[in-house]
Amino acid sequence: MSITAISADLSLEIRGAVAIIRLTRPAKRNAINDGLVLSLRNVFEGFGPEVKAAVIEGEGEHFCAGLDLSELSERDAVQGMHHSRMWHKALDAVQFGPVPVIAALHGAVVGGGLELASATHIRVADESAFYALPEGSRGIFVGGGGSVRVPRLVGVARMTDMMLTGRVYNAQDGERAGFAQYLVPAGQALNKAIELAEKIAQNAPTTNFALTHVLPRIAEQSADHGLMTEALMAAIAQSAPEAKERVKAFLEGRANKVQKG
Ligand code: 1HE
């Protein structure tokens with residue numbers, strides 16, 4: 001186990017097959033400045049082959065307070081567009097990187113922090129988590145992919161309400177709305193996220209690729225194209241030697257059965 005400081009505000013810990021990426025700027029509630037955006041992109045593009053799944057979390061009382069508002073002031077429209085595109089590249093590196101990513105959420109998951117969480121594949125929240133898009137009240141708009149990803153989690157109507165009215169979802173309501181897939185007692189989000197990541201790391205790589213890269217594309221396609229993409233992906237997955245071995249193991253009674261939940 002080793003923890004590497006990627007920058008002053010981001011660290012990387014490798015635990016077996018799981019990479020733990022930690023926002024380490026608690027004094028500023030892990031607000032994301034330009035340097036942190038670039039570090040996030042670099043770390044998600046730079047995993048070695050030993051990493052099979054990743055977890056992202058925030059140090060201190062909050063997951064992430066979103067964009068570092070102190071850097072917002074002097075940009076003109078063109079610089080603003082490039083700034084937003086820089087976030088898009090970084091969060092695309094999270095969503096479409098080499099491995100599934102799980103967000104361990106607690107405290108504030110707001111603004112760009114919610115955009116970051118939305119770019120991950122599974123969100124685990126503890127009871128202290130709360131979700132908001134304060135961009136509305138700050139006179140700005142989302143710029144880190146939130147208009148694309150947040151409605152896919154909770155719907156356009158909820159996002160519109162959050163931004164128009166400043167509505168804040170607590171952990172329970174947030175889980176029901178779809179911000180998180182798991183709700184755990186306070187302080188347990190990281191442990192649960194690592195437990196899930198260790199399980200995911202044991203999947204066939206083709207399956208993990210299909211779920212992180214192909215499924216979201218199918219969701220964008222027409223039914224006709226989606227079914228064709230599904231057929232192609234299914235054929236590739238089942239023809240892999242690892243799939244054949246896993247199916248054989250089940251048929252020979254060597255693999256787990258599905259257990260009632
Ligand atoms: C910050 C930021 C920040 C805290 N940028 N400095 N995001 C927001 O509008 C959320 C703004 N933050 C908050 O509402 C609160 O800070 C929290 C609810 C997250 C946490 O509250 P609390 O009481 O624990 O902390 P605090 O006392 O408000 O903040 C501690 C310090 O962090 C303080 O600085 P200090 O020098 O006075 O100690 C805060 O100023 C600083 N801080 N949040 C800069 N966001 C790609 S586009 C995305 C667009 C957005 O994300 S807009 C939404 C921005």
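Numbering of ligands and ligand atoms starts at 1, following listing order.
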(message) Please list, in number order, the atoms of ligand 1 under 4.0 Å from a heavy atom of Glu135.
(response) 48 (C), 49 (C), 50 (C), 51 (O), 52 (S)
(message) Using a 3.5 Å cut-off on N or O atoms only, is Gly144 in polar contact with ligand 1?
(response) no
(request) Specify the protein heavy atom at minimum distance from atom 43 (N) of ligand 1: its residue, its atom name, and the distance to 0.1 Å. (result) Ala65 CB, 3.4 Å
(message) I need the nearest protein heavy-atom contact for atom 1 (C) of ligand 1: residue, atom name and distance, please.
(response) Lys28 O, 4.1 Å
(message) Check this for me, if you would: do Arg123 and Glu175 make a salt bridge, where the nitrogen-to-carboxylate-oxygen distance has to be below 4.0 angstrom?
(response) no
(message) Can you confirm if the aromatic rings of Phe179 and Tyr169 lie within a centre distance of less than 6.0 Å?
(response) yes
(message) Starting from atom 20 (C) of ligand 1, what is the nearest protein heavy atom, named by residue and atom, and what distance separates them?
(response) His62 NE2, 3.5 Å
(request) Name the orientation class of the two ring planes belonging to His213 and Phe209 (parallel below 30°, tilted from 30 to 60°, perpendicular beyond 60°). (result) parallel
(message) Quick check on contacts: which atoms of ligand 1 are under 4.0 angstrom from a heavy atom of Gly111?
(response) 51 (O)
(message) Is atom 39 (C) of ligand 1 touching the protein, meaning some protein heavy atom lies under 4.0 Å away?
(response) no
(message) Tell me whether ligand 1 is touched by Ile140 - counting only heavy atoms on the residue side and a distance under 4.0 Å.
(response) yes
(message) Keeping Thr24 on the side-chain end and Leu10 on the backbone end, is there a donor-acceptor pair under 3.5 Å?
(response) yes
(request) Taking atom 10 (C) of ligand 1 as the reference point, report whether a protein heavy atom occurs under 4.0 Å from it. (result) yes
(request) Report the nearest protein non-hydrogen atom to atom 5 (N) of ligand 1: residue, atom name, distance rounded to 0.1 Å. (result) Leu69 N, 2.9 Å
(request) Just jot down the ligand 1 atoms closer than 4.0 angstrom to any heavy atom of Ala108, in number order. (result) 19 (C)
(message) Tell me the contacting part of His83 for ligand 1: side chain, backbone, both, or neither, using a 4.0 Å heavy-atom threshold, strictly below.
(response) neither
(request) Look at Asp161 together with Arg158 and state whether they make a salt bridge at an N to O cut-off of under 4.0 Å. (result) no
(message) Using a 4.0 Å cutoff against the non-hydrogen atoms of Gly66, which atoms of ligand 1 qualify?
(response) 51 (O)
(message) Under 4.0 Å between a side-chain nitrogen and a carboxylate oxygen: does that hold for Asp34 and Arg41?
(response) no
(request) With heavy atoms only and a cut-off of under 4.0 Å, state how Arg138 meets ligand 1: side chain, backbone, both or neither. (result) side chain
(request) Please work out whether any backbone atom (N, CA, C, O) or any side-chain heavy atom from C-beta onward of Ile32 is under 4.0 Å from ligand 1, and answer side chain, backbone, both or neither. (result) neither
(message) Quick check on atom 13 (C) of ligand 1 - does any protein heavy atom sit closer than 4.0 Å to it?
(response) no
(request) Check Pro134 against ligand 1 and report side chain, backbone, both or neither, counting heavy atoms closer than 4.0 Å. (result) side chain
(request) Look at atom 18 (C) of ligand 1 and say which protein heavy atom is nearest, naming residue and atom and giving the distance to 0.1 Å. (result) Phe130 CZ, 4.2 Å
(request) Measure from the side-chain N and O atoms of Asp126 to the backbone N and O of Gly187, and report whether any donor-acceptor pair falls under 3.5 Å. (result) yes
(message) Can you report which non-hydrogen protein atom sits closest to atom 45 (N) of ligand 1, along with the distance?
(response) Leu67 O, 2.9 Å
(request) Please could you name the atoms of ligand 1 that Ala31 approaches to less than 4.0 Å, counting only its heavy atoms? (result) 2 (C), 3 (C), 5 (N), 45 (N)
(message) Determine whether any protein heavy atom is located less than 4.0 Å from atom 33 (C) of ligand 1.
(response) no
(message) Between Val124 and Ile56, is there shared hydrophobic-cluster membership here, with clusters defined by ILVMFWY side-chain heavy atoms closer than 4.5 Å?
(response) no
(message) Evaluate Ser222 against Asp224 for side-chain hydrogen bond (donor to acceptor under 3.5 Å, both in side chains), listing each step before the verdict.
(response) CA-CA 5 Å; Ser222 65; Asp224 187 40; 5.4 Å; no
(request) Give a yes or no answer on whether the side chain of Asn208 reaches the backbone of Ile200 with a donor-acceptor pair at less than 3.5 Å. (result) yes
(request) Around atom 27 (O) of ligand 1, find the nearest protein heavy atom and jot down its residue, atom name and distance. (result) Arg29 NH2, 4.1 Å
(message) Is there a path of hydrophobic side-chain contacts, each under 4.5 Å between heavy atoms, that joins Ile21 and Val99?
(response) yes
(message) What I want to find out is whether Arg149 reaches Glu115 closely enough, with some N-O distance under 4.0 Å, to be called a salt bridge.
(response) no
(message) Would you compute the distance between atom CG of Leu114 and atom CG of Leu105 and round it to the nearest 0.5 angstrom?
(response) 9.0 Å
(message) Counting only heavy atoms closer than 4.0 Å, does ligand 1 sit against the backbone of Ala27, its side chain, both, or neither?
(response) backbone
(request) Please check if atom CZ in Arg85 has more than 12 non-hydrogen atoms from other residues, nucleotides or ligands closer than 6.0 Å. (result) no
(message) Looking only at protein heavy atoms, which one is nearest to atom 48 (C) of ligand 1, and what is the separation?
(response) Glu115 OE1, 3.3 Å
